[in-house]
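What follows is a single structure, written as structure tokens, with notes after it.
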Amino acid sequence: MAGINNIIEVSGLVKKFGSLAAVDGVTFDVPEGEFFGFLGPNGAGKTTLIRMLTTLLKPTGGRAVVAGIDVSASPQEVRKKIGVVPQALTSDLDLTGYENMDLYGRFYSIPSRERREKIKNLFEIIGLSNRQNDLVATYSGGMRRRLEIARVLVHAPTVLFLDEPTIGLDPQSRRAVWEFLEKFRKEYSLTIFLSTHYMEEAESLCDRLAIIDNGKIIVLDSPDRLKSELPGNDIIHLTLSDLSMISPVEDKIKGLAFVHNVVAEGEDLRVFVENGAVNFTPLLESVKEAGGIVNSVGIHQLSMEDVFIHHTGKSIREEGGKKVNFFVGAGLPQKLSR
Ligand SMILES: Nc1ncnc2c1ncn2[C@@H]1O[C@H](COP(=O)(O)OP(=O)(O)OP(=O)(O)O)[C@@H](O)[C@H]1O
Ligand SMILES: [Mg+2]
């Protein structure tokens with residue numbers, strides 16, 4: 001099953017916390033050099049999966065091989081091959097950006113000259129050369145995140161794991177992270193494994209992505225193919241003025257020839273249609289006939305969000321309020337045995 005060039009091979013991986021299967025029998029491979037993503041809502045099992053792949057958590061069952069090494073059998077060996085950026089921010093606020101990177105390099109016993117050169121190059125890529133001697137306490141959230149991503153590349157890993165790397169960042173900082181992840185990938189021939197609950201992020205970065213919900217992979221493919229497999233090509237999004245209208249309206253419009261699927265959430269209806277521009281008016285007439293009063297209406301082309309909704313019947317809410325804990329962790333990886 002596993003090809004020679006797969007840098008990550010996962011089969012039947014399970015993690016249980018008591019009776020809860022946080023990761024529930026997950027199987028996939030990632031070829032070398034791929035930008036691979038896990039997209040899923042809060043509690044889907046993304047962090048648990050990453051923690052198993054990066055040797056921080058022992059699987060309850062199944063198998064995971066990273067860079068040719070079994071994560072359960074030889075965790076120390078795996079750690080030398082990977083860079084891990086956890087969900088929480090972990091750099092030391094009382095040190096400068098340079099010192100944070102340097103400490104990390106020393107930890108991995110990178111010789112001083114090589115360390116200096118590598119760190120210089122990394123600061124250039126993340127565009128923070130002029131801030132490298134400032135305390136991290138003076139960095140913005142986006143700058144700190146950039147530093148933390150670059151930091152784990154000091155020891156030249158072959159696989160980079162990122163758990164929701166742009167959570168809590170403003171759109172501009174998020175884009176900056178996307179850009180230099182691409183640069184890192186090219187410059188260091190990295191394989192990148194990323195988890196996210198941002199649709200746009202998954203779509204713009206990932207060669208392939210797995211949609212995960214309740215610990216299970218629901219679909220896995222390239223963003224383009226995931227979208228092209230959906231019925232129809234446009235979404236008409238309706239908000240009705242009253243919850244009681246949803247059911248009769250849904251029944252009525254499901255019968256229309258150009259309607260492929262209807263997903264209701266509260267007062268909202270998401271209608272998967274053929275040729276939205278042409279069928280917009282007939283749809284609204286049909287809604288009216290069924291007694292529906294429309295509060296707002298919009299039309300858009302299929303997005304990753306619609307892919308998720310199509311497969312799970314619910315939307316991933318991009319919660320603005322989700323916070324990253326700024327004070328978790330000491331900023332250093334687990335000790336390597338020498
Ligand atoms: N140490 C633990 N003990 C008990 N339950 C846990 C533990 N860690 C995670 N869980 C549970 O496992 C499930 C998956 O959690 P996980 O953190 O992997 O999700 P996630 O996809 O990373 O979510 P988020 O987007 O919020 O970070 C959740 O139901 C969570 O409550
Ligand atoms: Mg998580």
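Excluded from the calculations below are hydrogen atoms, water molecules and symmetry mates; all remaining heavy atoms, backbone and side chain alike, are included. One-based numbering, in listed order, for ligands and for the atoms of each.
Heavy-atom contacts from other residues, nucleotides or ligands closer than 6.0 Å to NZ of Lys118 number more than 12. Heavy atoms from other residues, nucleotides or ligands lying under 6.0 Å from NZ of Lys252 number more than 12. Open room surrounds CZ on Arg63; 12 or fewer heavy atoms of other groups in view lie less than 6.0 Å from it.
For the pair His197 and ligand 1, no heavy-atom separation below 4.0 Å is found. The closest approach between Glu164 and ligand 1 falls below 4.0 Å for a heavy atom of the residue.
Among the backbone and side-chain atoms of Gln87, an N/O/S atom is found under 2.8 Å from the Mg ion (ligand 2). Taking 2.8 Å as the criterion, Thr48 does not count as a coordinating residue of the Mg ion (ligand 2), since none of its N, O or S atoms falls below it.
Connectivity analysis of hydrophobic side chains (ILVMFWY, heavy atoms under 4.5 Å, direct or indirect) links Val278 to nothing; its cluster partners are none.
Closest heavy-atom approach to atom 23 (O) of ligand 1 within the set Gly215, Gly43, Ser195, Gly18: this belongs to Gly43.
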If you look only at distance, which donor and acceptor atoms sit under 3.5 Å apart when one is on a side chain in residues 17-26 and the other is two or more places apart or in another chain?
from	atom 1	to	atom 2	distance (Å)
Asp24	OD2	Lys216	NZ	2.7

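Contact annotation: for Ile212 versus ligand 1, there are no heavy atoms closer than 4.0 Å. By the criterion of a heavy-atom distance under 4.0 Å, the backbone of Pro41, and not its side chain, is placed next to ligand 1.
Checked against a 6.0 Å centroid threshold, the rings of Phe272 and His260 do not count as neighbours. Taking the centre of each ring, Phe36 and Phe28 come in below the 6.0 Å mark.
Between the side chains of Glu34 and Thr191, not a single donor N or O lies within less than 3.5 Å of an accepting N or O.
The shortest N/O to N/O separation between Leu20 and ligand 1 does not fall below 3.5 Å.
Using a 4.0 Å cut-off to heavy atoms of Ala22, the atoms of ligand 1 that qualify are 12 (O), 13 (C), 14 (C). Near Thr47, with a cut-off below 4.0 Å to any heavy atom, the atoms of ligand 1 are 17 (O), 18 (O), 20 (P), 22 (O), 27 (O). With ligand atoms numbered from 1 in the order given, ligand 1 contributes 27 (O) to contacts under 4.0 Å with heavy atoms of Gln87. Here is the list of ligand 1 atoms found below 4.0 Å of a heavy atom in Ala44: 19 (O), 20 (P), 21 (O).
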